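Treat the numbers as computed from the prediction; the structure is a model and nothing was measured. Position 1 is the first residue of the sequence; numbering continues from there.
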Amino acid sequence: MGFFTNRLIWLGIAIEWALILAIIYSPTLQKIFATAALQPSQLLLLLICPPLILMADELRKRIVRQTPTVVFEHPIQNIQRQ
């Protein structure tokens, strides 16, 4: 499966972006939601941070997969009955 094969996901993301931009930049929706237009630097930050978080999470998952798991047994279960 390729990265762009799930069209419904991409449609959902596009609709989400359209709604977010409408809430931020539409004067009527700005009044309803008490929002203000973002500065270009803020928009740039919004474009940079999610990929960084995604990469950090993928790195975390790789580390977890490569780390041997340790199974702790409950001490009460290890008591031998006489």
List the residues meeting side chain to side chain donor-acceptor pair (under 3.5 Å) with Q42, not counting sequence neighbours, and say none if there are none.
none
Using a side-chain heavy atom cutoff under 4.5 Å and only I, L, V, M, F, W and Y, what cluster partners does L59 have?
I63
Hydrophobic cluster (4.5 angstrom, side-chain heavy atoms) - remaining members for L54:
none
Does [X] belong to the same Ile/Leu/Val/Met/Phe/Trp/Tyr cluster as [Y], with side-chain heavy atoms less than 4.5 Å apart forming each link?
{"X": "Y25", "Y": "I20", "answer": "yes"}
{"X": "L21", "Y": "L44", "answer": "no"}
{"X": "L52", "Y": "L47", "answer": "no"}
{"X": "L38", "Y": "L45", "answer": "no"}
{"X": "I15", "Y": "I9", "answer": "no"}

Quick one: CZ on R65 to CZ on R60, what's the gap to the nearest 0.5 Å?
9.0 Å
Evaluation steps, side-chain contact (heavy atoms from CB on, under 4.5 Å), between I24 and F33:
CA-CA 9 Å; I24 293 173; F33 291 101; over 6 Å; no
May I have the step-by-step check of side-chain contact (heavy atoms from CB on, under 4.5 Å) for E58 and M55, ending in yes or no?
CA-CA 5 Å; E58 291 299 321; M55 287 188 292; 5.7 Å; no
If we only count heavy atoms from C-beta on, is the L11 to R7 side-chain gap below 4.5 Å?
no
Would I32 and I23 satisfy side-chain contact (heavy atoms from CB on, under 4.5 Å), going step by step from the backbone distance to the final call?
CA-CA 9 Å; I32 293 171; I23 289 170; over 6 Å; no
Verify, without hydrogens or angle tests, whether Q30 (side chain) and A36 (backbone) share a donor-acceptor contact under 3.5 angstrom.
no
